[in-house]
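Notes to accompany the following structure.
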Number of protein chains: 2
Amino acid sequence: MTIQQVAAAAGVSPSTVSNLLNGRTNRMVPATKERIERAIAELGYRPNRAARQLRTGRTQTVGLIVPSVGNPFWGAFARELEVAALAVGCNVLLCNSERDPDRERRYVEELWEDGVRGIVLCSSLPTLDHLADIVRRGLRLVTFDRPAQAGDPEEVVSVSINNHVGGFLATSHLTELGHERLTFVSGSLAAVNRTGRFRGFCTALEGADLDPAAMPTWTAGGGAPFGDVEAAQVGRQAAHDLFSGTVEPPTGIVAINDMTALGFCRGLRDQGLHVGKDVSVVGFDDIILAELYDPPLTSVRQPISRMASLSLEEALKEDDREPGRSVLLRPELVVRDSTASPTGATAPVVADEDGVLQ
Amino acid sequence: MTIQQVAAAAGVSPSTVSNLLNGRTNRMVPATKERIERAIAELGYRPNRAARQLRTGRTQTVGLIVPSVGNPFWGAFARELEVAALAVGCNVLLCNSERDPDRERRYVEELWEDGVRGIVLCSSLPTLDHLADIVRRGLRLVTFDRPAQAGDPEEVVSVSINNHVGGFLATSHLTELGHERLTFVSGSLAAVNRTGRFRGFCTALEGADLDPAAMPTWTAGGGAPFGDVEAAQVGRQAAHDLFSGTVEPPTGIVAINDMTALGFCRGLRDQGLHVGKDVSVVGFDDIILAELYDPPLTSVRQPISRMASLSLEEALKEDDREPGRSVLLRPELVVRDSTASPTGATAPVVADEDGVLQ
DNA sequence: GTGAAAGCGCTAACAT
DNA sequence: ATGTTAGCGCTTTCAC
C-alpha cells in the first residue's frame, strides 16, 4: 500500500495525496479531498514512517530516559508521559540508564540517530558534559528533575519540582512536630535533585534553630553507587547503621525518595522499632505504595502528570526555543501516619481528606 | 555523514562499505576492510536507520505492551526485557494498554507500521481476535503470561509461568497451615492468567478436601473494570467488603497479584485487623515491595529475568517459527510473614535465607 | 574483489 | 488547484 496506489485510486497525483496527509487541505478543492479520503479508507492505507522520516529527517517519537522503571515513581512518570504523547499522536521510546553516564550517552546517541524529536532525561547527573556535543548538534533535550546548572549547554530546558522547597517542607514538618535530631538519608548525593533536597533539609533545620552539622549523619557505604532499584536497600542499610552504632540515633528521618524511605522502615522493623512511634519518616515522590504502606508514609508529592505534559511539550517544540528555560513546580507535603511528635503524641495538622497539607 | 562520504574517504564504492556494514567482509581484501574501518572511525559515521529500514523493511526494535508500567511488576519486567534487548543491540518501544483491547489494537498497528521485528504482549486478554489479521499479515507476536488458547492464530508463541501451579502453590501453602476458609481476590477475571491462577486455587482446595463452592467469595464491584493501577484499590475494597458483611469472613486470602494483596492488607488495617495474625495473605509476582512491606508478604515469584530473555528471543526470531509454541516456567512460592496458621502459631516451613520454599 | 545503478515510499520545490 | 520531478541514505542484484 503506497501513496502511489492511493493516488491512482483517487485519480490524482501523489503530491496531492501527500498534501492531504500533511494537512495542506487548503490547496485542493473539497471534492478532491473527499475522493482521496475515501480511497485511503477503502485501501486501508497508512503512510510508511521510514520513508517519511528519511525524507523529512523528523519522527513522531520522543525518547524517555529514566534511572529505572523498576522504581514505581519512574514507572508512573513514564506512564503519564505516554498518556500525554498519545494525545498528540506521539510514540515514546523508553530507556533505563541506571544513572550510568556511559549508558546514558549511548542511549542518547541511539535515540538521536533514530531521529527522535526530543529526549526527556531523568537521571539528574551533576553535569551534562557527556551529552554536550549532541545537544550542540541540535538535539532537543529536556531534563526532568534537574534544573539547569552552570556549565550546561544553554539549549537545554528543564522541568522539575523545587527540590529545595520539597526538602524544606519535609524537614520543617518534622521540626514542627518537635523533632530535634534529624538525619537525611540518601544514596549517592551526586545528583542535582538530591543536593537540592538536602539543602532544603539544612535550611529547615536552621530555621528551627538547629545546627545541621550537629545532626547524626549517614553516608552510603563506599564502592558501588547504588542504583534506583537498590534504593530500598540503601534505606534498610541506613536504618541498621544509625540504630546500632554508638551515636545517639535520630528521631526523624528525611529520605531521598519513597523507595529509600520504605527500605528504611523495613530496616527499623528489623530492629524491632516502630515507624511513626519510635521514629518518624518522611519520604519523597508519593508513589502509590506510600499510601498503601503500614503505616502509610508521609511524603512530598510531585505533580507528575503536569510535569509529564510539560516535559513532552518542551521535548516536541520545534525551533522556537527559549534557551535555558527552567520550569519549577511546587511540591506538596502529604501527611500520613509515619510521622508524629517524638513524644508519641500526634501534633495537630490541618489536612484535607486526601492528606494534603493545607 | 553518509555512506557515500565514507566510501569517498576510503577510496571505495558505497556498496563495499555497505558490505562491510552488513558483515559481508569475506567479499573484500583485508586491506580494504581496514581502510573503510578507519574512515568510519575518523568520520564518526553511523548508518541512518530510516534509510536502512526503508530499504530492507526491517528494524532493530521490538514492541512491548504492558497493562501499565505504573504497576511495579510490569516496570520490573520492562526493565529486564530492555536489558536483554540491549545485549543484542535492540531497542524496546514501550506501551501501556490498560488492558483495553482498542488501545491494544491501536498500539499493535502503530508498532507494526513502525516496522518492529516483533511484539511482546502482556495483557492476557481472553481472545486475540482483535489482532488476528495483523498476525496473519506477518506480525511476530509473543504473548507473555498468556498461554495459547483455542482459537488463537497459530503463529502466536507464548511465554508464561504455569499459573495453575502458581495458584496451587499459594493456596496449598495456606491449607497446609490449617486454613479452611479461603477467598480468591481479583479484579475482573477476564484474563487468561487470572483464570489459571483461580483454577489452581480450586485444585488446591479440593486436594485439601475443601469445597471451593463453600468458600466466601468476593467479586469486583460492577461497572468499571479496574485497571492495573487500581489493583490496590480492588484489594482494599475486597477487605472492606469481606470483613464487614454478615458472612463469616475467610482466614486466608490468595490475591491475584501483589498490588492487590498490598491493597488488601491496607484494607485489613483500616478495620484494625492484622495481616499474618488475624488473616493470612498470599500475593503473586513477588515485586520488590513484597519484601519491604510490613509484614513482608508471602508471594508467588515469577522468574521475570528468564522470562524476559525468552520473550525477546521469540520476538526476534526470523521465520523459523515453531507455531503455537508455549513456554511454561515454574513459579516458586516465597514464604514470608504475611501467612501463618489460623491459630496464630507459625507452622514449620523449610526455606532458604531468601525465603524460597525448599 | 569491487563498482554501477536502481529503487524502497515519501515530500516539497517548482512547474503548470 | 494539481502534477512533475528529484532526491532523502541505504542495500542489493548484476556486471566487470
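Side chains are part of it too, since the values below use all heavy atoms of this structure and drop only hydrogens, waters and symmetry mates. Numbers restart at 1 for each chain; the letters A, B, ... are given by sequence-line order, proteins then strands. Quick caveat: nothing in here was measured; it's all calculated off a predicted structure.
Aromatic ring orientation, B/Phe77 versus B/Trp74: perpendicular (interplanar angle above 60°, classes split at 30° and 60°).
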Test side chain to side chain contact (heavy atoms under 4.5 Å, CB included) applied to A/Ile36 and A/Val12, step by step: CA-CA 8 Å; A/Ile36 301 177; A/Val12 296; 4.0 Å; yes
Set out, in order, the CA-CA distance, both residues' side-chain angles and the distance that settles salt bridge (Lys or Arg N to Asp or Glu O under 4.0 Å) for B/Arg106 and B/Asp100, then state yes or no. CA-CA 10 Å; B/Arg106 181 174 157 186; B/Asp100 172 352; over 6 Å; no
With salt bridge (Lys or Arg N to Asp or Glu O under 4.0 Å) as the test, would you mind laying out the steps for B/Arg136 and B/Glu155 before giving the verdict? CA-CA 8 Å; B/Arg136 217 154 288 128; B/Glu155 297 90 338; 5.3 Å; no
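One interatomic measurement links the two molecules: CD of A/Gln53 to P of C/dA12, which rounds to 14 Å at whole-angstrom precision. In this structure, CD of A/Gln4 is placed 9 Å from P of C/dC8, rounded to the nearest angstrom. Rounding to whole angstrom units, CD1 of residue A/Ile3 and C1' of C/dA12 are separated by 12 Å. For the pair A/Met1 CE and C/dC8 P, the interatomic distance rounds to 14 Å; values are reported in whole Å. For A/Met28 and C/dT11, the CE to P distance is 12 Å, given to the nearest whole Å. Atom CG in A/Leu54 sits roughly 12 Å away from atom C1' in C/dG7 (whole-Å rounding). One interatomic measurement links the two molecules: CG of A/Asn48 to C1' of C/dC10, which rounds to 8 Å at whole-angstrom precision.
A donor atom on one side chain and an acceptor atom on the other are not found under 3.5 Å apart for A/Ser158 and A/Ser160.
A distance of 4.0 Å separates CZ of A/Arg325 from CD of A/Glu314, quoted to the nearest 0.5 Å. Summarising the geometry, atom CD1 belonging to B/Ile161 is positioned 11.5 Å from atom CD1 belonging to B/Ile304; distances are rounded to the nearest 0.5 Å. Once rounded to the nearest 0.5 Å, the distance linking CG of A/Leu54 with CG of B/Asn48 reads 6.0 Å. To the nearest 0.5 Å, the span separating CG on B/Leu128 from OG on B/Ser123 amounts to 8.0 Å.
Salt bridge status for B/Asp129 with B/Arg105: absent, with no side-chain N to carboxylate O gap under 4.0 Å. The pair A/Glu80-A/Arg306 does not count as a salt bridge, with every side-chain nitrogen at least 4.0 angstrom from each carboxylate oxygen.
Scanning residues 13-27 of chain A for heavy-atom distances under 4.0 Å to DNA chain D yields A/Ser13, A/Ser15, A/Thr16, A/Arg27.
Two residues, B/Arg55 and B/Arg35, neighbour DNA chain C, and the one matched to the more 5' nucleotide by heavy-atom proximity is B/Arg35.
Between its two ends, the helix from C/dG1-D/dC16 to C/dT16-D/dA1 turns its axis by 40°, counting five pairs per end and rounding to 10 degrees.
Across C/dC10, C/dG3, C/dT2, the shortest atom-to-atom separation from the side chain of A/Arg52 is found for C/dC10.
Extent of DNA chain D lying under 4.0 Å from chain A heavy atoms, first and last nucleotide in 5' to 3' order, is D/dA1 to D/dG9.
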